[in-house]
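Working notes, beginning with the structure itself.
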Amino acid sequence: MWSALVAGGDRAGDGRVLARRCATWRFGGLSLIVLSLVVVLPGLWAIPPVDRDECRFAQASRQMFESVALPDAERDPALHAGGLAVPYYGKDPRINKPPLIYWLQATSAAVLTGGEPGRDAMWMYRVPSVLAAVLSVLCTWRIGLGMMDARAGWLGAALLAVCPLVAWESHQARADMVLLLCCTVMQLALWRVWRASLGGPAKVARRTACLMPVVFWAALSAGVMTKGPIAPLLAVSTAIALCVWTGRWAWLKRLRPLVGLGILTASVTPWVVLLAQQVGLSAYLGVLNK
């Protein structure tokens, strides 16, 4: 497919037509969605659980789903004690990971079963990973469009779509693909804030100044609620590396750190309070220290 596109670009002259096509949603975005689905959908329904963590994620999400979907008479107090706040695997709270992935998987199963836990299947808990993989490819494409030639941006996103590790993880009911999406959105917003600090059209700069810091902190907060400190570590290391490389630090103010602290606090604090009420912070810290 790529060779045919290159040939088409050569006929149009020095690749400008191809570059314009790769930058449009009608061609560039749609082709990446199709490519991603061709990679991630085969085997989604047929592949059995091959990782013990996948079984644990899916079971904990199922119990969370059951805690709100089953009639009161059918709920087991030992299995469904956590409700939507604390995931349980069997009779034990599963608190080694934050709850966002369980919320997403439980929601996916609820939607696809029509709210009937008895009709669920393993592939339903894998749907968040599939969607996250596709959206990560699209975010990578948008980053590439801003950083380099549109053809290179498209090709970079296509390479992510066919990456064997991404293809494998997108077939798993685990947190990794959702974390990838959070980090990719975060990096996209960080890149646009940085670019806006270099100057550009006033209208674009105002929109970026208002929207992109919120997107950045929302994605970072979602990353924290998916897999703890990994997303903040990536954000901090990227920002510091960029500042050291360029010698420019003032642009960090454009990230609105006070607004970000408010978004992060509002995202994490309610769950921490519920966790402390149901399990206890000492038990949670004990799990984290293992």
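Predicted, not measured: the structure shown is a model, and the values here were computed from it.
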field: Same apolar cluster (I L V M F W Y, side chains within < 4.5 Å links), L35/L37
entry: yes

task: Answer yes or no: is there a donor N or O on one side and an acceptor on the other, between the side chain of H171 and the main chain of V166, under 3.5 Å?
output: no

message: Rounded at 0.5 Å granularity, tell me how far CG in L44 sits from CE in M124.
response: 11.0 Å

task: Test W25 against W141 for ring pair (Phe, Tyr, Trp, His ring centres under 6.0 Å), laying out the working first.
output: CA-CA 10 Å; W25 280 99; W141 169 56; 4.8 Å; yes

- request: Flag the pair R142 / C139 as yes when at least one side-chain heavy-atom distance between them is below 4.5 Å, and no otherwise.
  value: no

- prompt: Rounded to the nearest 0.5 Å, how far does OG of S129 lie from CD of Q172?
  reply: 8.0 Å

- request: Grab the two heavy atoms, one from G223 and one from C182, that are nearest each other, plus how far apart they are.
  value: N-SG, 3.7 Å

query: When you check the gap from the basic side-chain N to the acidic O, do R75 and E66 get nearer than 4.0 Å?
result: no

query: Are T238 and Q187 linked by a side-chain donor-acceptor pair shorter than 3.5 Å?
result: yes

Flag for S31-W154: side-chain donor and acceptor within less than 3.5 Å: yes

- prompt: Mind checking whether T184 and I143 have side chains closer than 4.5 Å, heavy atoms only?
  reply: yes

query: Atom CG of L70 and atom CD of E116: how far apart are they, to the nearest 0.5 Å?
result: 10.5 Å

- prompt: Would I101 end up clustered with L181 when hydrophobic side chains under 4.5 Å apart are linked, directly or stepwise?
  reply: yes

message: Which heavy atom of C243 sits nearest to which heavy atom of W251, and what is that distance?
response: SG-NE1, 3.3 Å

query: What are the two closest non-hydrogen atoms of G153 and M148, and how far apart are they?
result: N-CG, 4.0 Å

query: Which residue pairs pass the salt bridge (Lys or Arg N to Asp or Glu O under 4.0 Å) test when at least one of the two sits in residues 122-138, sequence neighbours left out?
result: E54-R126

field: Residues K91, D76: salt bridge by 4.0 Å N-O rule
entry: no

message: Minimum heavy-atom separation for P213 and L255, please, with both atom names.
response: CB-O, 3.6 Å

- line: One should read off an interatomic distance between L252 CG and L242 CG, to the nearest 0.5 angstrom, of 8.5 Å

message: When you compare the side chain of R248 with that of L198, does any pair of heavy atoms fall below 4.5 Å?
response: yes

Side chain to side chain, L188 and F216, heavy atoms closer than 4.5 Å: no

- prompt: Do M225 and P99 touch side chain to side chain, with heavy atoms closer than 4.5 Å?
  reply: yes

task: For R195 and G146, indicate whether the former's side chain and the latter's backbone hold a donor-acceptor pair under 3.5 Å.
output: yes

field: Under 3.5 Å: donor-acceptor pair, side chain of S170, backbone of A167
entry: yes

message: Quick check for you: to the nearest 0.5 Å, what is the distance between Y102 atom OH and T226 atom OG1?
response: 11.0 Å

field: Short side-chain to backbone donor-acceptor contact, R62 and A106, under 3.5 Å
entry: no

Exam field: side chain E169 to backbone D176, donor-acceptor pair closer than 3.5 Å: no

- prompt: Has the side chain of Q278 got a donor or acceptor atom that lies under 3.5 Å from a matching backbone atom of V86?
  reply: no

field: Between F57 and Y125, ring centroids under 6.0 Å
entry: no

query: Counting distance only, does the side-chain N/O of R119 pair as donor-acceptor with the main-chain N or O of T113 below 3.5 Å?
result: yes

message: Are Y88 and R94 packed together at the side-chain level, in the sense that at least one heavy-atom pair is separated by less than 4.5 angstrom?
response: no

message: Minimum heavy-atom separation for P49 and M122, please, with both atom names.
response: CG-CE, 3.4 Å

- prompt: So W103 and M64, side-chain contact (heavy atoms from CB on, under 4.5 Å) or not? Walk me through it.
  reply: CA-CA 8 Å; W103 293 340; M64 182 177 284; 3.4 Å; yes

statement: When rounded to the nearest 0.5 Å, the distance separating OG of S221 from CE of M186 is 10.5 Å

message: Please check this pair: side chain of W217 against backbone of L261, looking for a donor-acceptor N/O pair closer than 3.5 Å.
response: no

- prompt: Do you know the tightest heavy-atom contact between C22 and L145?
  reply: O-CD2, 4.1 Å

